[in-house]
Amino acid sequence: MSRVYADVNTTLGKAWYDYDNFSIDWSGPENYEIVRRLGGGKYSEVFEGVDMVNSDRCVIKVLKPVAAKKIKREIKVLRNLAGGPNIIALLDVVRDPSARYHSLVMEYVENADWKRLFPVLTESDVKHYTFQLLVALSHVHAHGIMHRDIKPANVMIDCRRRTLRLIDWGLAEFYHTDTDFHHRVGSRYYKAPELLVSYKRYDYSLDLWSVGCILASMIFRKEHFFRGSDNDDQLLKIMKTLGTEKFDTYLKTYNIHFETEIDSLLVNYPKQPWARFITAENRHLASATDALDLLENLLRYDHRERLTAKEAEAHPYFNSVRLETISTKGDAVNDSGFASA
Ligand code: AMP
């Protein structure tokens, strides 16, 4: 059972989490125009669009025909989280007259491509954006929801405004105790160990593993910190860093039967000290006091040992960020995103 927020959904009630039984008022597509394609994946095609009523830029996520239940879940999650810190805003839901295509209209973010951004982040940027991601997740988890696909591509960063928005809620799910969840979620390089050993009683803490992977990629300047060629190789990459001893303890603790035909997964690997990954290129980020301690406490096999989002926010690594947040809280911010003089 999750260490935190185990019963939130029971407390909030059926109307909060019962996404299959809520009705949606769909708008027609006439108010929106597509400008250009931004990207796409297994479940959707994403476009930049314009709202013809107010000329505002927006993002139109056209969902590929999937189960109605999945569409409802994404919408319910976005509505429940509306107004939360650093959560992408859902502006409208649109259905074409044939009801074949469903689209989500969302706030547009002037997003910097993370592959170009991460290599130029300063120490204070890394702290600032990681903290903002944790603020989003604290809110999400406190409301009974797991994102389940945290990765750099789902974290929109606007460098000019120094803001961050968490997107793509297509895999998000409501957490309930004593429930098995699908282990085929997430994106390989960011998948927590529990997913790689098909353990289905996972909880919010799987998102914190992915945060650990993102932090490692930022501070060590490695595009993906654990880069496996398939799920077994992904686990192997993790084991070669965290060691096999703790992995075996993890399996025993949760009575997980993990069988593999991959010989290399049966070899003993010692745990690597985090400092081993420090190089001349990343020294200014990775040797920061407390950075490696935070990483050590996020990248744990045992999901109950991982820091929660709230605990991670309180980690000394973020002392300067918390001060900055407190001192700017009262400042007026105008539409340009800059504080007024
Ligand atoms: P997704 O399928 O939701 O991961 O979106 C595909 C791509 O579209 C993302 O990787 C982003 O580059 C872009 N994108 C999605 N949502 C937004 C947004 N709200 N603002 C700007 N770009 C977005």
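Counting starts at 1 for both ligands and their atoms, following the listed order.
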With backbone taken as N, CA, C and O and side chain as the heavy atoms from C-beta onward, which portion of Glu107 lies under 4.0 Å from ligand 1: side chain, backbone, both, or neither? backbone

Looking only at protein heavy atoms, what sits closest to atom 23 (C) of ligand 1 is Met156 SD, 3.6 Å

In terms of ring plane angle, is the pair His224 and Trp114 parallel, tilted or perpendicular, where the classes change at 30° and 60°? perpendicular

Within 4.0 Å of some non-hydrogen atom of Asn154, the atoms of ligand 1 are 4 (O)

Just checking His176 against Tyr17, ring centres under 6.0 Å apart? yes

Is it true that atom NE2 of His284 has more than 12 heavy atoms of other residues, nucleotides or ligands lying nearer than 6.0 Å? yes

Looking at Phe220, I'd like to know if the NZ or CZ of Lys222 sits under 6.0 Å from its six-membered ring centre while staying within 45 degrees of the ring's axis. no

A student checking ligand 1 against Ile167 at a 4.0 Å heavy-atom cut-off should list atoms 3 (O), 15 (C), 16 (N)

Among protein heavy atoms, which sits nearest to atom 18 (C) of ligand 1, and what does the distance come to when rounded to 0.1 Å? Val59 CG2, 3.4 Å

Does Arg300 make a cation-pi contact with Tyr250, if we ask for NZ or CZ under 6.0 Å from the ring centre and within 45° of the axis? no

With a 4.0 Å cut-off on heavy atoms, is Ser44 touching ligand 1? yes

min-distance protein heavy atom vs atom 20 (N) of ligand 1 -> Val109 N, 2.9 Å

For atom 6 (C) of ligand 1, which protein heavy atom lies nearest, and how many Å away is it? Val46 CG2, 3.7 Å

Atom 13 (C) of ligand 1 - nearest protein heavy atom and its distance: Leu38 CB, 4.0 Å

Would you call Arg148 and Asp207 a salt bridge, taking side-chain N to carboxylate O under 4.0 Å as the test? no

